[in-house]
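Scroll down for the structure; my scribbles are underneath it.
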Amino acid sequence: MKILIIGGHGKVALLAAPMLTRGGHAVASVVRNADHVSDVEATGAMAIVSDIEHMDETDTRALVRGYDAIVWAAGAGGGSKERTYAVDRDAAIRAIDAAVAEGVDRFVMVSYVGAGRDNVPADNPFHAYADAKAAADDHLRRTALNWTILGPGQLTLDEPTSRIEYGDHVTEGETSRGNVAELVTGAVGRSDLGGVTINFRDGNVAIWEAMESLARRADGTPVATLREGQPK
C-alpha cells in the first residue's frame with residue numbers, strides 16, 4: 001500500500017513508520033519543519049515538508065492524491081486555542097474531505113479515548129482539544145470512507161507490550177505510544193476494521209487478537225463483542 005502519515009514527526013508516527021516500511025508498504029510522512037526530514041527518512045519513509053495548518057482545499061487534495069491510505073497523527077500539541085482548532089479540527093476535516101474527493105478510501109484517525117464523550121467545561125484549557133477532536137472524528141464517521149478511529153488513553157513512553165485492553169468500557173488509563181504505533185500499523189491495512197472506533201489502553205489482550213475480534217463481516221456485523229477486550 002501507499003500510505004501517507006500526516007503528522008510524521010510525532011512520537012507515534014516515528015514509531016509506526018518503520019513498522020509499516022518493514023511490512024513492505026511505501027510510506028510518506030508529512031512534516032512541517034524541514035529540520036525533521038532526516039528523522040523521518042531514518043524510518044525508511046519519504047519526507048514531505050508541508051504545513052497542513054495553512055493549506056487550502058486544493059493543496060490538501062494534491063497532498064493526498066495517489067495514496068491508498070491516510071494515517072492522521074497530527075496535532076497542535078497544546079498552545080493556543082486558535083491553533084488547536086486550526087490543526088486538530090479544521091486541517092483534519094480538510095484532509096478527510098480531500099481523501100473523499102481523491103478516492104483514497106482508507107483513513108485511520110489517531111484520536112484519544114475521551115473524544116466525543118468528555119464533558120470538558122469551556123473554561124478548561126483542555127476544552128479546545130477535546131472539542132476539536134470530537135468534531136473531526138464525527139466528521140470522519142459521516143463519510144463513506146473506510147475509516148478506523150483509534151482512541152488511546154493518556155500516552156506514555158513506556159516500553160510497548162503489544163497487549164491492550166479495549167472496548168466501550170475503556171474511558172481512561174495509560175497507553176504506550178509503541179502500542180499505539182503497533183495498532184496503527186496493524187489497522188491501516190485491514191479494511192475489515194472499517195467503521196470501527198477502538199478505545200483502548202495498555203492491558204492483557206494481544207493487539208492482533210483485539211483486531212481479529214473487532215473485524216467486521218461483509219455485512220458490517222461485528223465478529224465479536226467488545227466484552228472480549230476486557231481483562232482476562
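Excluded from the calculations below are hydrogen atoms, water molecules and symmetry mates; all remaining heavy atoms, backbone and side chain alike, are included.
Note: the hydrophobic cluster containing Leu14 does not contain Val110 (ILVMFWY, side chain heavy atoms under 4.5 Å, direct or indirect links). Note on Trp72 and Ile93: separate hydrophobic clusters, where clusters join Ile, Leu, Val, Met, Phe, Trp and Tyr whose side-chain heavy atoms are under 4.5 Å apart, directly or indirectly. Hydrophobic clustering, with ILVMFWY side chains joined whenever heavy atoms are under 4.5 angstrom apart, keeps Ile96 apart from Val188. Using a 4.5 Å cut-off between side-chain heavy atoms of Ile, Leu, Val, Met, Phe, Trp and Tyr, with links allowed through other members, Met109 and Leu193 fall into different hydrophobic clusters. Linking ILVMFWY residues whenever their side-chain heavy atoms come closer than 4.5 Å, directly or via other members, places Val184 and Val205 in the same cluster.
Summarising the geometry, atom CD1 belonging to Ile6 is positioned 5.5 Å from atom CG belonging to Leu63; distances are rounded to the nearest 0.5 Å. Here Asp105 contributes atom CG and Ser191 contributes atom OG; the two are 8.0 Å apart, rounded to the nearest 0.5 Å. Here the CG-CG distance, from Leu150 to Leu183, works out to 5.0 Å after rounding to the nearest 0.5 Å. Between the CG atom of Asp138 and the NZ atom of Lys133 there is a distance of 12.0 Å, given to the nearest 0.5 Å. The line from CE of Met55 to OG of Ser50 is 3.5 Å long, rounded to the nearest 0.5 Å. Once rounded to the nearest 0.5 Å, the distance linking CZ of Arg32 with NE2 of His54 reads 8.5 Å.
By the 4.0 Å N-to-carboxylate-O rule, Arg201 lies too far from Glu172 to be salt-bridged with it. Taking a cutoff of 4.0 Å between a charged side-chain nitrogen and a carboxylate oxygen, Arg190 and Glu212 qualify as a salt bridge.
Minimum heavy-atom separation, Val12 to Ala181: O-CB, 3.8 Å. Contact detail for Ile149 and Ser111: the closest heavy-atom pair is CG2-CB, 3.9 Å. For Ala187 against Met211, the heavy-atom pair with the smallest separation is N-SD, 3.6 Å. Between Ala136 and Ala92 the shortest heavy-atom distance is CB-CB, 3.9 Å. For the residue pair Ala47 and Val37, the shortest heavy atom distance occurs at CB-CG1, 3.8 Å. Residues Phe107 and Ala99 come closest through the heavy atom pair CD1-CB, 4.0 Å.
His36 meets the ring pair (Phe, Tyr, Trp, His ring centres under 6.0 Å) test with His9; sequence neighbours excluded. For Phe200, there are no ring pair (Phe, Tyr, Trp, His ring centres under 6.0 Å) partners two or more places apart in sequence or in a different chain.
Side-chain atoms of Asn199 and Tyr166, non-hydrogen and from C-beta on, never get closer than 4.5 Å to each other. For the pair Val27/Met46, no side-chain contact is recorded, criterion being any heavy-atom separation below 4.5 Å from C-beta on. Residues Val40 and Ile5 form no side-chain contact, since every pair of their non-hydrogen atoms from C-beta on lies 4.5 Å or further apart. You'll find the side chain of Pro152 reaches within 4.5 Å of the side chain of Leu155, heavy atoms only. Residues Arg22 and Leu20 fail the side-chain proximity criterion, which asks for heavy atoms closer than 4.5 Å. Looking only at side-chain heavy atoms (C-beta outward), Thr21 and Thr43 stay at 4.5 Å or farther from each other.
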Under the side chain to side chain contact (heavy atoms under 4.5 Å, CB included) rule, what do Val30 and Ile52 come out as? Steps first, then yes or no, please. CA-CA 8 Å; Val30 180; Ile52 58 167; 4.2 Å; yes
Could you walk me through whether Ser176 and Asp202 pass side chain to side chain donor-acceptor pair (under 3.5 Å), step by step? CA-CA 7 Å; Ser176 161; Asp202 293 343; 5.2 Å; no
Quick one, Thr84 with Arg89, criterion side chain to side chain donor-acceptor pair (under 3.5 Å). Give me CA distance, side-chain angles, the key distance, then yes/no. CA-CA 7 Å; Thr84 296; Arg89 182 190 63 191; over 6 Å; no
Using the rule given for side chain to side chain donor-acceptor pair (under 3.5 Å), can you reason through His25 versus Asp68, listing the C-alpha separation, both sets of side-chain angles and the distance that settles it, and then say yes or no? CA-CA 10 Å; His25 300 292; Asp68 302 306; over 6 Å; no
Test Asn204 against Arg163 for side chain to side chain donor-acceptor pair (under 3.5 Å), laying out the working first. CA-CA 5 Å; Asn204 299 317; Arg163 305 183 75 83; 5.5 Å; no
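Remark: side-chain polar atoms of Arg83 are not paired, donor with acceptor, to backbone N or O of Glu53 under 3.5 angstrom. In this structure a side-chain-to-backbone donor-acceptor pair under 3.5 Å is present from Arg106 to Asn146. A donor-acceptor contact shorter than 3.5 Å is absent between the side chain of Ser29 and the backbone of Gly8.
Each of His139, Glu102, Glu57 was scored for a side chain to side chain contact (heavy atoms under 4.5 Å, CB included) with Asp97, with one residue passing: His139.
The hydrophobic cluster containing Val120 also includes Tyr112, Phe126, Tyr129, under a criterion of side-chain heavy atoms closer than 4.5 Å among ILVMFWY residues, counted directly or through chains of members.
Counting only N and O atoms by type, the side chains of Glu182 and Ser162 include a donor and acceptor under 3.5 Å apart.
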